There are 2 protein chains.
Amino acid sequence: MGDTIQSVERAAAILRLLASGPRQLGVAELARALGLPKGTLHGILRTLVHVGFVEQDDTTGKYRLGATLLHLGSSYLDVNELRTRSINWADALAGRSRESAWIGTPHEGHVLVIHHVFRPDDSMQTLQVGTYLPLHASALGKVLLAYDPYGESITPPLQAHTKRTLTDPARLEAELAQVRARGWAAEMEELTEGEVAIAAPIRDARGLAVGAIGIRGAVERLAPGGDLHMEFVSYVRDAARAITRDLAR
Amino acid sequence: MGDTIQSVERAAAILRLLASGPRQLGVAELARALGLPKGTLHGILRTLVHVGFVEQDDTTGKYRLGATLLHLGSSYLDVNELRTRSINWADALAGRSRESAWIGTPHEGHVLVIHHVFRPDDSMQTLQVGTYLPLHASALGKVLLAYDPYGESITPPLQAHTKRTLTDPARLEAELAQVRARGWAAEMEELTEGEVAIAAPIRDARGLAVGAIGIRGAVERLAPGGDLHMEFVSYVRDAARAITRDLAR
DNA sequence: CGAATCGTTCGGTATTGCCGAACGCTGGCG
DNA sequence: CGCCAGCGTTCGGCAATACCGAACGATTCG
């Protein structure tokens, strides 16, 4: 772990800060947050504006993320092999289950959504590609936790999203053991009231869980009366196995 | 236009190169492309890997874009005010026209797609947010060109995407004059065979065209026999006017 | 109308990161 | 089977580089 280039790392820190909220930030705010002189930050910001990673508000002078980042981010999707290989299977999964299909990969203590197929015959859904889901309160996240070889990504306190969110580390660990035992995970209204999700692991050629695929939908369709319809579990596991097979080639 | 920080600018150049194609690039390739010593690039790359903007292939040692960029890019969508204010109107436009709705903004000689609503009751479409459309061969692009105050973004040669693409600058300029005269643009199979698009400008509080909104669909639905159904034009212009009004507040 | 805070400028300084040569390694060609 | 060309990586010396802090207008808020 040699040394890194100071200014590039600082530039990245600025971008992360700007991305952490929808608010625009000023030089002084950033200086306080990062503990750096205003002049230093201004130089980096000027460069970031020049390359299009950051834009400056004409009237207030405050800074926000730039459009170039949107294009770079979408380029990442083309590069990501897991996503490229999974797209067709995710489409098929959404078609068979008639629910929205999701693919996620672990990233910085969250599940990063790298693909999302809308539920067929239902409009007005917003795309979630690029957003984070919590590891402990999503089916995708439980799968990734359960099969994480380093197995210590769970850092309490666990945030409660609904009253059914698992916030007790011991109970979560027990559920992860169950996930490992049966090869899939469920999440019952633990992230959003009325929504249920199922997920299964995607493995690479070496057997490592590099991602997870699953579906998400209304509790009354996927688990009426609280009982998960096992046909949906089959759909998800089939898709996960198919992608795993695909990646092994 | 003072000076910028060398290493940050170089880091951005690396990211742009990595984003320019789905291929992974090695240190030597980047060194040749940028005309810099390998050692210098390695230092920057090490830093970019450290902050997650770049990932390194375990087996080949080559570099590709990192997942953090996907998250930063999607954060840009939250920050972008044009998009935030337009989402509801785009949904409504897609609903009324029963076609896919698009919002674009000018960026680096292209149209950057910042929002995309799928056609209702039709699945298996891939989301185009973050991708580029050509300025001269898309309805969104023609609108942006026509209302561009700097008016010199058209740089020949104009690439032909289909046999109906306008590649003659003079003919394009004539069409742009027509767009300015009537307030909306059409694109008839100039980008993809069998597809037609309509777009109208979105203006900010100062009257500047900051973006465009439009729809895109099969020629047999939008313009059977080559004649554009004017009701679709009304839908698009209504949506554009509504957003413009919204932005002025 | 003043005071506080904003984003920006600027020049001295020593810290920073650039450079080029050398390293071990891999893969392919003869 | 062994050579060579190319890869990604390491390293240390040098000086160019980018950091810093104080000062400057502009703007906002009380």
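Convention: sequence-line order gives letters A, B, ...; per-chain numbering from 1. Side chains are part of it too, since the values below use all heavy atoms of this structure and drop only hydrogens, waters and symmetry mates. What you are looking at is a predicted structure, and each value in this text was computed from that prediction instead of being measured.
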Sequence neighbours excluded, which residues qualify as salt bridge (charged side-chain N to carboxylate O under 4.0 Å, His left out) partners of A:Arg237? none
Taking B:His136 for the side chain and B:Gln159 for the main chain, is one N or O donor matched with an acceptor at less than 3.5 Å? yes
Review item, nucleotides 14-18 of chain C N/O atoms under 3.5 Å of protein N/O:
| residue | atom | partner | partner atom | Å |
| --- | --- | --- | --- | --- |
| C:dG17 | OP1 | A:Gln6 | N | 2.4 |
| C:dG17 | OP1 | A:Ser7 | N | 3.3 |

Short question: side chain of A:His116, backbone of A:Gln128 - any donor-acceptor pair under 3.5 Å? yes
Identify, residue by residue, the members of residues 53-69 of chain A with a heavy atom below 4.0 Å from DNA chain D, and return them in order of residue number, or none. none
Whichever of A:Arg32 and B:Lys38 has the more 5' nearest nucleotide on DNA chain C, that residue is A:Arg32
Any ion pair linking B:Arg180 and B:Glu173 (charged N to carboxylate O, less than 4.0 Å)? yes
Considering only the P atoms, how many Å lie between C:dG11 and C:dT15, rounded to the nearest integer? 22 Å
For side-chain contact (heavy atoms from CB on, under 4.5 Å), just list the numbers for B:Leu191 and B:Thr165, CA-CA rounded to whole Å, side-chain angles, deciding distance to a tenth of an Å, and then say yes or no. CA-CA 7 Å; B:Leu191 182 59; B:Thr165 305; over 6 Å; no
Rounded distance in Å between the P positions of C:dT13 and D:dC14: 22 Å
Using a 3.5 Å distance criterion without hydrogens, assess whether the side chain of A:Thr47 forms a donor-acceptor pair with backbone atoms of B:Ile5. yes
Give a yes or no on whether the backbone of B:Val79 and the side-chain of A:Arg64 come within a donor-acceptor separation of less than 3.5 Å. no
Can you give the first and last nucleotides of DNA chain D, 5' to 3', that have an atom under 4.0 Å from a heavy atom of chain A? D:dC19 to D:dG21
Output yes when a side-chain donor or acceptor of B:Arg85 lies under 3.5 Å from a complementary backbone atom of B:Asp246, and no otherwise. yes
Within a strict 4.5 Å, meaning less than it, do heavy atoms of the B:Leu65 and A:Ser75 side chains meet? yes
Is there a donor-acceptor pair closer than 3.5 Å between any side-chain N or O of B:Thr105 and the backbone N or O of B:Val210? yes
Looking at DNA chain D, which of residues 13-30 of chain B put a heavy atom within less than 4.0 Å of it? B:Gly26, B:Val27, B:Ala28
Shortest non-hydrogen contact from B:Ala137 toward B:His161: CB-ND1, 3.8 Å
Residues 28-35 of chain A, side-chain donor-acceptor partners within the protein, below 3.5 Å, at least two apart:
| residue | atom | partner | partner atom | Å |
| --- | --- | --- | --- | --- |
| A:Glu29 | OE1 | A:Gly26 | N | 3.0 |
| A:Glu29 | OE2 | A:Arg23 | NH2 | 2.3 |

For the residue pair B:His110 and B:Tyr132, categorise the inter-ring angle as parallel (less than 30°), tilted (30 to 60°) or perpendicular (more than 60°). parallel
